[in-house]
K.L.:
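My questions all concern the structure below.
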Amino acid sequence: MRTFYVDESGFTGEDLLSAEQPVFAHATVDFDSDEAGKIVSSLFADINAKELKYGRLRRSPRYREKIIELVTIVARDPRRAASWVAHKEFSLMTLVVDWWIEPLAYRNGFNLYKDGANLAMANMMFYCLAGFWTPSFRHRLLAHFQHMMRAKTPKAFKQCETFISKANARADPSRKEALRYLLPSFSLLGLDHVRGLPDRVLDIALPGLVFLGHVWRSRHDDLWQVVHDQSANMAKQKWLWDALTSPDLTAARFENPGGAQQFPMNVAGTRFANSEDECQLQICDVLAGATAAFLRNRVQHSDEQAYFNRLAEAGIEKLIVGGLWPSPEVSPDALGMRGWDGSKAIEWISEQVTARKSD
């Protein structure tokens with residue numbers, strides 16, 4: 001049975017504003033044990049460690065060369081691997097749109113998931129809050145939203161509202177435009193809405209894994225299984241992953257610009273494993289770490305540009321199949337979302353998960 005192995009890099013839970021880890025990456029491969037063993041032994045036979053870890057390997061110029069060789073080998077057949085990436089500060093902006101702006105729009109009869117309007121708004125807000133204000137202001141505003149959505153307390157709610165209200169009061173009209181979409185929900189949705197948000201609402205790891213699941217489903221019609229590196233975070237959310245990958249789901253297919261969502265996903269089972277025992281997971285660790293570092297260089301330029309240029313030449317971008325990354329595009333055509341309505345898939349998935357949670 002086809003098996004996909006998964007590991008991640010840059011995970012900081014519901015803190016999406018970590019300066020040290022601005023990028024999150026999932027990496028997956030479907031190599032069998034013999035294939036993975038040969039790759040590891042050919043590149044890293046002399047390493048004195050129980051397992052491969054990107055963080056250790058990249059400290060050595062010699063092993064940075066081996067990382068580049070590994071990416072080159074995997075990128076020769078990109079369908080054997082896949083990565084999902086997230087610019088975490090932008091991801092938080094999309095979550096503010098999804099959980100703070102969209103519910104009020106929906107209440108007033110506006111479908112923010114039609115033609116990619118939710119993504120367009122996230123792009124607009126992300127760039128305008130830095131352009132008409134400053135990147136530091138955007139970061140502080142998002143920090144208030146993050147704290148409010150995590151703490152769910154009257155104090156955090158009031159602090160967030162006060163920060164935005166004071167900024168709005170002292171701003172000229174052109175700068176207020178970027179804030180006016182945020183203020184109404186404080187009075188019209190209120191603290192009860194915040195308290196009703198799902199647990200771990202800011203955790204982006206599971207959505208990334210689900211996206212990859214649909215990529216795997218599109219590549220292989222037969223049953224497949226998932227092996228994930230041991231993760232306390234994923235263990236807490238396994239019930240939701242199991243609900244989304246249940247073979248008992250009603251057959252459904254939703255077309256979207258990032259690729260079709262097809263249910264059931266044909267997942268035969270999911271297990272957590274120790275990466276010391278699985279060469280495939282070690283390869284995923286190195287690929288995820290390299291991908292996160294490569295993209296982090298775009299957010300925070302480093303003095304290792306030559307290394308990142310080599311990773312690009314090796315084909316690391318060929319492995320990226322999706323993610324959350326800011327773009328200045330806001331029109332449906334430029335976003336490739338003309339005629340697309342994401343609300344249909346969201347409503348169907350919500351119904352399926354709710355039904356299984358209540359069983």
Side-chain angles (χ1 to χ4, degrees), residues 1-15 18 20-21 23-60 63-64 66-67 69-71 73-74 80-86 200 203-213 215-216 220 223-245 265-293 319:
M1 181 183 298
R2 182 82 65 167
T3 301
F4 291 87
Y5 296 81
V6 188
D7 202 358
E8 60 197 27
S9 178
F11 179 73
T12 52
E14 291 189 281
D15 176 11
S18 168
E20 292 75 26
Q21 300 281 356
V23 175
F24 172 83
H26 271 304
T28 69
V29 299
D30 71 346
F31 301 137
D32 62 34
S33 297
D34 289 341
E35 290 175 303
K38 289 177 181 177
I39 292 172
V40 171
S41 62
S42 67
L43 296 178
F44 305 102
D46 61 340
I47 191 168
N48 185 24
K50 292 182 179 179
E51 59 180 321
L52 303 179
K53 287 290 185 182
Y54 177 80
R56 286 197 297 263
L57 293 173
R58 74 160 292 173
R59 298 185 196 128
S60 163
Y63 286 119
R64 281 200 291 273
K66 298 297 185 181
I67 292 169
E69 288 184 48
L70 174 62
V71 172
I73 291 170
V74 177
R80 303 294 306 279
S83 298
W84 184 89
V85 301
R200 308 190 69 79
D203 189 335
I204 59 175
L206 183 61
L209 185 59
V210 172
F211 183 96
L212 288 172
V215 172
W216 304 329
H220 305 285
L223 290 175
W224 47 276
Q225 60 185 350
V226 182
V227 177
H228 198 294
D229 186 39
Q230 289 177 342
S231 164
N233 171 63
M234 277 305 301
K236 292 176 182 177
Q237 299 195 87
K238 189 173 183 295
W239 74 269
L240 183 52
W241 167 255
D242 288 342
L244 292 169
T245 59
M265 291 168 66
N266 287 352
V267 177
T270 302
R271 68 179 175 87
F272 297 99
N274 187 333
S275 56
E276 290 184 13
D277 304 323
E278 310 272 358
C279 286
Q280 295 95 322
L281 290 177
Q282 295 177 43
I283 291 174
C284 289
D285 179 284
V286 177
L287 292 177
T291 303
L319 307 179

K.L.:
Please report the interatomic distance CZ(R271) to NZ(K238), rounded to the nearest 0.5 Å.
P.N.:
12.0 Å

K.L.:
Is the closest side-chain heavy-atom distance between V210 and W84 below 4.5 Å?
P.N.:
no

K.L.:
Nearest 0.5 angstrom please: Q237 CD to D203 CG, how far?
P.N.:
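Rounded to the nearest 0.5 Å, the CD-CG separation comes out at 4.5 Å.
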
K.L.:
Going through the checks in order, is the side-chain contact (heavy atoms from CB on, under 4.5 Å) test met by D46 and Y63?
P.N.:
CA-CA 10 Å; D46 61 340; Y63 286 119; 3.1 Å; yes

K.L.:
Going from CE on M1 to CG on N266, what distance comes out if it is rounded to the nearest 0.5 angstrom?
P.N.:
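Here the interatomic distance stands at 10.0 Å.
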
K.L.:
What distance separates T270 OG1 from W224 CH2, expressed to the nearest 0.5 Å?
P.N.:
7.5 Å

K.L.:
Are any of the side-chain heavy atoms of K53 and S275 separated by less than 4.5 Å?
P.N.:
yes

K.L.:
Between D285 and Y5, do the side chains contain an N or O donor and an N or O acceptor separated by less than 3.5 Å?
P.N.:
no

K.L.:
Identify every side-chain donor-acceptor pair in residues 34-44 under 3.5 Å, counting partners at least two apart or on other chains, and give the distances.
P.N.:
| unit_1 | atom_1 | unit_2 | atom_2 | d |
| --- | --- | --- | --- | --- |
| E35 | OE1 | D32 | N | 3.0 |
| E35 | OE1 | R80 | NH2 | 2.9 |
| E35 | OE2 | R80 | NH1 | 3.2 |
| E35 | OE2 | R80 | NH2 | 3.4 |
| S41 | OG | G37 | O | 2.9 |
| S41 | OG | K38 | O | 3.1 |
| S42 | OG | K38 | O | 3.0 |
| S42 | OG | I39 | O | 2.9 |

K.L.:
Shortest non-hydrogen contact from A288 to A27?
P.N.:
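Residues A288 and A27, closest heavy atoms: N-CB, 3.5 Å.
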
K.L.:
Could you grab the distance from atom NE2 of H26 to atom CG of L209, nearest 0.5 Å is fine?
P.N.:
5.0 Å

K.L.:
Please round to the nearest 0.5 Å and tell me the distance separating atom CD1 of I67 and atom OG of S60.
P.N.:
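These two atoms lie 8.5 Å from each other.
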
K.L.:
Does some side-chain heavy atom of D30 sit less than 4.5 Å from a side-chain heavy atom of H220?
P.N.:
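The answer is yes, as the side chains (C-beta and beyond) meet within the 4.5 Å cut-off.
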
K.L.:
Once the angle between the rings of W216 and F4 is folded into 0 to 90°, is it parallel (under 30°), tilted (30 to 60°) or perpendicular (over 60°)?
P.N.:
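Correct class here is parallel.
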
K.L.:
So, Q225 and T3: side-chain donor and acceptor under 3.5 Å apart, yes or no?
P.N.:
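Distance-only check passes for Q225 and T3.
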
K.L.:
Ignoring hydrogens, what is the shortest heavy-atom contact between S83 and T291? Give both atom names and the distance.
P.N.:
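Smallest interatomic distance, heavy atoms only, reads OG-OG1, 4.0 Å.
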
K.L.:
If we only count heavy atoms from C-beta on, is the E51 to E278 side-chain gap below 4.5 Å?
P.N.:
no

K.L.:
I need the single residue from V6, D7, N274 that forms a side chain to side chain contact (heavy atoms under 4.5 Å, CB included) with D229. Which is it?
P.N.:
D7

K.L.:
Are the side chain of T28 and the backbone of A82 linked by a donor-acceptor contact shorter than 3.5 Å?
P.N.:
yes

K.L.:
Side chains of L57 and I47, heavy atoms from C-beta outward: is any pair under 4.5 Å?
P.N.:
yes

